[in-house]
Amino acid sequence: MLKIADLHVYYGSIRALNGISFQVNEGELVALIGSNGAGKSTTLKTISGLLRPRQGIVLYEDADITRTAPDRIVALGISHCPEGRRIFGGLTVRENLRLGAVQRRQGADMAADMDWVLSLFPILKERLSQSGGTLSGGEQQMLAIGRALMSRPKLLLLDEPSLGLAPLVVEHIFQIIRQLKQQGKTILLVEQNVHQALDAADRVYVIETGQITLTGTPDELKHNPQVEQSYLGR
Amino acid sequence: MSTLDDRPANPAIGEVRPNKRGGVAALIQSPVAIRLGALLILAIGLSLLHLSGRVFWQGLVINLGIFMILVLSLNLASGFTGVFSLGHIGFMALGAYGSAILTLPLAKKADYLPNLPAWLASIHFDFYLGPFPLGFLLATLLAAGLVAGVALLVGLVLMRLSGHFVAVATLGFLVIVRVILFNADNFTRGSRTFSNVTPYTGLWWVWFWAILTLYVVWRLKYSAYGRAMLAQREDALAAQAVGLAIMPPRLLAFVVSAFFTAVAGSLYAHFITSFSPTVFYFDLTFRVITMLIVGGLGSVSGSVLGTVVIIALAEALRRLEDVTLLYGMSQITLAVIFIVIILFRPNGLLGRREIVLARLFRKGGEPSP
């Protein structure tokens, strides 16, 4: 479904990605793990069109989207839930969700999707008229995921959904992520919480200083001495 | 920057509030009735003022209306989108000159602007439909339409910028407009005063346009476009991530805003009837910005309030100045008031909140937000 080949991305003169290649198949939950500054978020931003690579190609459903505008990419079915939640704090929860559907203009469908998102995150139903900034961290993360789902994506890019959340809330968020996978969504997940990521994913890529250094199934990686030492703290 | 409780609890403007009391009371309290009532009161007030023949007060209220259009427009461009424009008075200048040239009667035109290109020299919009100066309306629309076109071109370049950069760049636009007006003698008489403008503008004209601007800006704020404007102001990256293109909402705000600013220019031209390029510069720019900031960036009712407060204060202080003979005091006092407001209410009197008329009329006169 998604295929990335030899991606090189720079911030000015600083190299963030140094020739990354990987792929995500339909229905898979693929996790991208690695430490701070390894290039995980950069990879997601490049896929969703927020960054332009200097070299390399992003293929989505066999079409080259490397230089497609971000709004077109959302319309094609890729939704990016950015790191740090980044909900619109001054707008209400309802408005945040509506903005998620901005690439689709069918009114009736939107109501159905809104119901579906609210059934995933019942707490948001109570907060619909509240401004996004008054929500707790966990609720904001749910809102951010909900907002990303409102565009009815085929491929969901999740950037650090566990960031800064209490363990119980993280557990809840990951339950939802598994549920989404069961409903047939393809998910590319970026995580620093390696335990959770390994538990949820079908396949894992390890990224270090802008390069993929390891890949495999969660089971293989759990017993890899390098992963154990660097990421699982054993 | 984001105040959390800064949006009205009930933003839907056409919404009829469920009301426990039935019958006449419900009808009177419905938002539509309240809005119609407010319009009626305004109309009665304007009629009385019109009939009273007090030229001074009429002039003040005309001025108020023109500034209201300017402030509302600037709020649309800057308050909603967060892209601060210091160049709007340039649009006003183009609207003023455009409409003034178009409405000049042919005879005067040949006399007054002898070097106009032939195609423009033969156009004149001084015709009436019965007692109605249709030409004035068309000239205003035409001038504002052209200015909107200019804004589109300028916006395509400048709306890519944000923050201080766009403020400086729009300031550059203002300077360019001024230099062009000074040097395009054939059209504008250069630095000489452009007079002989037909005095079409009256109370009704100004307030018709002011209410229309108010309506359009209000509707935009609570439309999908308005949400897009607010969203990209709050977080441009997140807005892009959900699939909002940044440029269309910014451009829409900029172009619509330029249109109404140009209308205000046309109204001003046909009110004051003689002006020169020097009028449309920093002084006017900052007066409009003061009103906008005092009212609250992003608040439509704040723009109305800010305009009324500053115009009323300026007038009161001017009179005080005449009595006390302390000339210059009024401007100093206004500046101090501005500083005090910025210190204690950095988001303006209303912040981003709105005064919802319907709420003012509810049982027991609950305070507005």
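Here is how names work: the chains are called A, B, and so on, in the same order as the sequence lines, proteins then strands, and each is numbered from 1. Remember, predicted model here, so these are calculated numbers, not experimental data.
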For residues B:F91 and B:F254, establish whether the separation of their ring centroids is below 6.0 Å.
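Judged by ring-centre distance (under 6.0 Å), B:F91 and B:F254 do meet the cut-off.
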Distance under 6.0 Å and angle within 45° of ring axis: A:R203 vs A:F22:
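No, A:R203 and A:F22 do not form such a contact.
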Please state whether the side chain, the backbone, both or neither of A:R85 comes within less than 4.5 Å of a heavy atom of chain B.
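For A:R85, no heavy atom lies under 4.5 Å from chain B.
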Quick check on A:L99 against chain B: is it the side chain, the backbone, both or neither that has a heavy atom closer than 4.5 Å?
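For A:L99, heavy atoms of backbone and side chain both lie under 4.5 Å from chain B.
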What I'd like to find out is whether the side chain of [X] reaches to under 4.5 Å of the side chain of [Y], using heavy atoms alone.
X      : Y      : result
A:L188 : A:T43  : no
A:K40  : A:E191 : no
A:V190 : A:L157 : no
A:P53  : A:T66  : yes

Do other residues, nucleotides or ligands put more than 12 heavy atoms under 6.0 Å from A:Y11 OH?
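Above 12, so yes.
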Mind checking which of residues 68-79 of chain A sit less than 4.5 Å from chain B, heavy atom to heavy atom?
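At a heavy-atom separation under 4.5 Å, chain B is reached by A:P70, A:D71, A:V74.
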